[in-house]
Amino acid sequence: AAGVIQSPRHLIKEKRETATLKCYPIPRHDTVYWYQQGPGQDPQFLISFYEKMQSDKGSIPDRFSAQQFSDYHSELNMSSLELGDSALYFCASSSILEDTQYFGPGTRLTVL
Amino acid sequence: AQKITQTQPGMFVQEKEAVTLDCTYDTSDPSYGLFWYKQPSSGEMIFLIYQGSYDQQNATEGRYSLNFQKARKSANLVISASQLGDSAMYFCAMREGGEYGNKLVFGAGTILRVKS
């Protein structure tokens, strides 16, 4: 079965640079979620989109923005990167027919 | 306020034995969902099992079962016949509300080590 696809899987950036993370949800899933997991921590919700509209917002810094496109893929844009942004970033998707969120493999971002 | 509490930072279990991972939650919403995810050292988050607040029976998925005690607000994960590959971090999570697009709130996790 198709899973959530995230790219890139690994990303290394310098402080103050920008990064774009991409997420391709499971086909026919209409909701996309972004989570950030710092080292040794549990995942923290950043933002979600339902049918291309922002549906919920968590502790997402103002330096970050995200959107969902017409083909339902989503991008998380991160600017003015800081050392503390180093984390594993997950995208998850779900369907209106099912409650479960399925996670992608994650993008490991390292800010030097 | 902590919404999901996992009181066991780490657990050991002998191969082929059963193990229970504890999870308690706090919500005033009558409609919610409870989830367990497995995160191996490779990092991915693998969905294991789901329990809806209105479900009358405990959820089961293969070797995983969820011991749902609504009055106690607990949703413990039971893994039967543990295997070496079960060694991982396990997260309990909750979704509140009946609307779509609601976030998951995670507990701190429990590291499980299966001994041969």
| task | Kindly compute the distance separating CG (Asp99(A)) from OG (Ser53(B)), expressed to the nearest 0.5 Å. | result | 9.0 Å
| query | About how many Å separate CG of Asn102(B) and OH of Tyr50(A), when rounded to the nearest 0.5 Å? | reply | 12.5 Å
| Test item: Tyr33(A) side-chain N/O and Leu104(B) main-chain N/O as donor-acceptor pair under 3.5 Å | no
| Would you say Lys57(A) has more than 12 foreign heavy atoms packed within less than 6.0 Å of its NZ? | no
| query | Does Phe45(A) belong to the same Ile/Leu/Val/Met/Phe/Trp/Tyr cluster as Phe103(A), with side-chain heavy atoms less than 4.5 Å apart forming each link? | reply | yes
| message | Contact between Phe35(B) and Thr100(A) at the side-chain level, heavy atoms closer than 4.5 Å - yes or no? | response | yes
| field | Heavy atoms from other residues, nucleotides or ligands near NZ of Lys22(A) exceed 12 (cutoff 6.0 Å) | value | no
| Rounded to the nearest 0.5 Å, what separation is found between the CD atom of Gln101(A) and the CE atom of Met45(B)? | 10.0 Å
| said: Using a 6.0 Å cut-off, check whether atom CZ of Arg63(B) has over 12 heavy atoms from anything other than its own residue. | reply: yes
| query | Of all of Gly3(A), Ala92(A), Gly58(A), Pro43(A), which one pairs up most often with chain B through heavy atoms under 4.5 Å apart? | reply | Pro43(A)
| message | To check you understand the geometry: which heavy-atom pair defines the closest contact between Glu44(B) and Phe90(A), and what is its length? | response | CA-CE2, 4.3 Å
| query | Below 4.5 Å, heavy atoms only, C-beta onward: do Gln37(A) and Phe91(B) meet side chain to side chain? | reply | yes
| said: Please determine whether residues Val111(A) and Trp34(A) belong to a single hydrophobic cluster, defined as Ile, Leu, Val, Met, Phe, Trp and Tyr linked transitively by side-chain heavy-atom distances below 4.5 Å. | reply: yes
| So Asp42(A) and Gln6(B), side chain to side chain contact (heavy atoms under 4.5 Å, CB included) or not? Walk me through it. | CA-CA 11 Å; Asp42(A) 55 285; Gln6(B) 295 181 252; over 6 Å; no
| field | Ile5(A) reachable from Leu109(A) in the ILVMFWY side-chain graph, under 4.5 Å edges | value | no
| query | Does CG in Asp71(A) sit with more than 12 non-hydrogen atoms of other residues, nucleotides or ligands closer than 6.0 Å? | reply | yes
